[in-house]
Amino acid sequence: MAGRFVPRTTRTTARGGGADVPVTGALDLGLTLGPLRRGPHDPTFRVTDDGSVWRATRTPEGPATLRAKAHGAEVAAETWGPGAAWLDARLPALLGAEDDPAAFVPRHKLLLAVHRRRAGLRLTRTGLVLESLIPTVLEQKVTVTEAYGSWRRLVRRYGEPAPGPAPEGLHVMPEARTWALIPSWEWHRANVDGKRAATIVRAARVAPRLEEAAHLPPPEARRRLELVPGIGPWTSAETVQRSNGAPDEVTTGDLHLPGIVGWALAGDRTADDARMLELLAPYAGQRHRAARLILLSGRTPPRRAPLRSPNDITRL
């Protein structure tokens, strides 16, 4: 992803005359905002040829569009739409100003190397739960290709064009009420089974309570999310990592992550969740960052089986 740079101090010039964003140290826009992108054709996220990162979001005050671009030691950002002021106020957190990379102490040569090489990694905090929760539910127990396709279809069909001079095709995701009213046949056409669809509908119906979780300590936020049937530890961790900028909420229940962590830190491709957590224990407080750095290292165990084939329930 474009937009990588290493400034001493990052300043964001925001809508309405500009605002200082106290993000000190290295900042890589691609690495920081990348987890918010759901596939190369995500209708809510775009990187244009000039290196600008465009993101459409639904804030509590309405739709908003963000354009951010690195300019030397600064990040220039513009926002549009009814939710622009809300987004302006939260730009520092979105760009990782509330994150503390210095709290991470590498204790393995691989992590030491990748930590130095990816010095611009900051953990974003969106302050929004549903926009991370819904695509995460879509990713439950399916391939990312299937999940990205479902997200793309549903956002384009039920969302709305992003406000401002956004790139063509950039969309804001639907509001909670719209998600709750999507008919069963449209979920089917989007290749979403009944279980995942029902989970999203249940979450949408209690959206205000779930959005409050963005202001709770991450463990408490996860407990609140998991009160909704169909949301378990995997989904809550993946959501809170983005909504709350949680450096210690490591993902468990993942098909691949334990083996990747086990292989990177101990040469153990058969590692399960318990073994992964044991290996990450020295990084307590920063376990999610450690796992993210391992993924960024590219060190993965050799594949022993073919890739899982996507399912297409739309033909049924």
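Atoms considered below: every heavy atom in the structure, side chains included; atoms not considered: hydrogens, waters and symmetry mates. As the structure is a prediction and not an experimental result, all values here were calculated from the model. This chain uses plain numbering: 1 for the first residue, then up along the sequence.
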### Task
Report yes or no: is the cationic atom of R90 (NZ for Lys, CZ for Arg) closer than 6.0 Å to the six-membered ring centre of W86, at no more than 45° off its axis?
yes

### Query
Are N191 and S150 close enough that a side-chain donor and a side-chain acceptor fall under 3.5 Å?
no

#### Entry: D273/M276 under side chain to side chain contact (heavy atoms under 4.5 Å, CB included): CA gap, chis, key distance, verdict
CA-CA 5 Å; D273 279 341; M276 175 180 70; 3.8 Å; yes

### Message
Side chains of T235 and L225, heavy atoms from C-beta outward: is any pair under 4.5 Å?
### Response
no

#### Entry: Student check: side-chain heavy atoms of Y158 and E186 closer than 4.5 Å
yes

### Task
Drop me the distance from R46's CZ to T65's OG1, to the nearest 0.5 angstrom.
11.0 Å

### Message
Quick check: closest heavy atoms across A203 and L133, and the distance to 0.1 Å?
### Response
CB-CD2, 3.8 Å

### Task
Could you tell me whether the side chain of W151 and the main chain of L138 form a donor-acceptor pair under 3.5 Å?
no

### Message
Is it the case that the side chain of S52 and the backbone of T48 share a donor-acceptor pair, with hydrogens and angles ignored and the cut-off at 3.5 Å?
### Response
no

### Query
Judged by atom type as modelled, is there a donor-acceptor pair below 3.5 Å linking the side chain of N244 to the main-chain atoms of A213?
yes

### Query
Are L91 and V47 connected in a single hydrophobic cluster, I mean Ile/Leu/Val/Met/Phe/Trp/Tyr linked by side-chain heavy atoms less than 4.5 Å apart?
yes

### Message
To check you understand the geometry: which heavy-atom pair defines the closest contact between A68 and V75, and what is its length?
### Response
CB-CG1, 4.1 Å

### Message
Is there a side-chain contact between L94 and L36 in this structure, where contact means two heavy atoms from C-beta onward sitting under 4.5 Å apart?
### Response
yes

### Query
Can you tell if the side chain of E61 reaches within under 4.5 Å of the side chain of P82, non-hydrogen atoms only?
no

### Query
Could you state the interatomic distance from OG (S297) to NE2 (H115), rounded to the nearest 0.5 Å?
14.0 Å

### Nearest-0.5 Å distance, CD1 of residue I134 to CE of residue M173
4.5 Å

### Query
When clusters are formed by joining ILVMFWY residues with side-chain heavy atoms under 4.5 Å apart, either directly or through shared neighbours, do F104 and L121 land in the same one?
yes

## Note on the structure
What one should report as the nearest heavy-atom pair of Q140 and G230 is NE2-O, 3.0 Å

## Note on the structure
Output for pair (R275 CZ, L280 CG), nearest 0.5 Å, gives 10.0 Å

### Side-chain touch P301/I260, heavy atoms, less than 4.5 angstrom
yes

### Query
Is it true that V155 and L33 fall in one hydrophobic cluster, defined by side-chain heavy atoms closer than 4.5 Å?
no

### Any side-chain heavy-atom pair of L216 and R224 under 4.5 Å
yes

### Message
Is there a path of hydrophobic side-chain contacts, each under 4.5 Å between heavy atoms, that joins V144 and L154?
### Response
no

### Task
Determine, stepwise, if the pair L66 / W54 fulfils side chain to side chain contact (heavy atoms under 4.5 Å, CB included).
CA-CA 6 Å; L66 166 70; W54 291 82; over 6 Å; no

### H171 side chain to G169 backbone, donor-acceptor under 3.5 Å
yes

### Message
Run L130 and E211 through side chain to side chain contact (heavy atoms under 4.5 Å, CB included) and show every step you take.
### Response
CA-CA 7 Å; L130 216 62; E211 291 295 351; 3.2 Å; yes

### Query
Which pair of non-hydrogen atoms, one from A162 and one from V172, has the smallest distance, and what is that distance?
CA-CG2, 3.9 Å

### Task
Over all heavy atoms of both residues, which pair between P174 and G159 is shortest? Give the atoms and the distance, please.
CG-N, 3.7 Å

#### Entry: F45 side chain reached by L170 side chain, heavy atoms, under 4.5 Å
no

### Message
Evaluate D268 against W263 for side-chain hydrogen bond (donor to acceptor under 3.5 Å, both in side chains), listing each step before the verdict.
### Response
CA-CA 4 Å; D268 180 7; W263 178 260; over 6 Å; no

#### Entry: Stepwise side chain to side chain contact (heavy atoms under 4.5 Å, CB included) check, I294 with R299
CA-CA 7 Å; I294 289 170; R299 184 172 180 179; over 6 Å; no

#### Entry: Verdict with supporting geometry, R67 and D50, salt bridge (charged side-chain N to carboxylate O under 4.0 Å, His left out)
CA-CA 11 Å; R67 174 186 178 268; D50 66 350; 3.5 Å; yes

### Task
Considering only NZ, NE, NH1 and NH2 on the basic side and carboxylate oxygens on the acidic side, decide whether E238 and R242 come within less than 4.0 Å.
yes

### Query
Is a side-chain donor or acceptor of R107 paired with a backbone partner of L112 at a separation under 3.5 angstrom?
no

### Check against side-chain hydrogen bond (donor to acceptor under 3.5 Å, both in side chains), R222 and S236
CA-CA 5 Å; R222 293 186 61 182; S236 69; 2.9 Å; yes

### Query
Of the options R125, R289, R292, which is the one that meets D99 in a salt bridge (charged side-chain N to carboxylate O under 4.0 Å, His left out)?
R289

### Task
Show your working on side-chain hydrogen bond (donor to acceptor under 3.5 Å, both in side chains) between T143 and E146 and close with a plain yes or no.
CA-CA 5 Å; T143 66; E146 293 170 80; 2.9 Å; yes

### Residue from T251, T124, T136, D248 passing side chain to side chain donor-acceptor pair (under 3.5 Å) with Q241
T251

## Note on the structure
Rounded to the nearest 0.5 angstrom, the CG-CZ distance for L293 and R116 is 13.0 Å

### Query
What's the verdict on salt bridge (charged side-chain N to carboxylate O under 4.0 Å, His left out) for R38 and E139, showing C-alpha distance, side-chain angles and the deciding distance?
CA-CA 10 Å; R38 304 293 179 153; E139 293 172 10; 2.8 Å; yes

### Query
Are R223 and E226 ion-paired here, with the side-chain N under 4.0 Å from a carboxylate O?
no

### Query
Counting N and O atoms only, with roles assigned by atom type, does the side chain of E131 sit under 3.5 Å from a partner on the main chain of L128, one being a donor and the other an acceptor?
no

### Query
Yes or no on side-chain hydrogen bond (donor to acceptor under 3.5 Å, both in side chains) for T79 and D88, after CA distance, side-chain angles and deciding distance?
CA-CA 7 Å; T79 54; D88 286 344; 2.6 Å; yes

### Message
Among D100, L27, L29, exactly one meets side chain to side chain contact (heavy atoms under 4.5 Å, CB included) together with R122. Which residue is that?
### Response
L27

### Message
Are H41 and Y148 an aromatic pair, judged by ring center distance below 6.0 Å?
### Response
no

### Query
If you round to the nearest 0.5 Å, how far is CZ of R118 from CG of L296?
5.5 Å

### Query
Same cluster or not: are V201 and L227 linked, directly or through other Ile, Leu, Val, Met, Phe, Trp or Tyr residues, by side-chain heavy atoms under 4.5 angstrom apart?
no

### Query
Under a 4.5 Å cut-off applied to non-hydrogen side-chain atoms, are T59 and T57 in contact?
yes

### Message
Checking the side chain of E98 only, and the main-chain atoms of A93 only, is there a donor and an acceptor separated by less than 3.5 Å?
### Response
no

### Task
Could you walk me through whether D193 and R196 pass the salt bridge (charged side-chain N to carboxylate O under 4.0 Å, His left out) test, one step at a time?
CA-CA 6 Å; D193 60 81; R196 286 179 293 150; 2.7 Å; yes

### Query
What pairs meet the salt bridge (Lys or Arg N to Asp or Glu O under 4.0 Å) rule with one or both residues in residues 172-184, with sequence neighbours excluded?
none

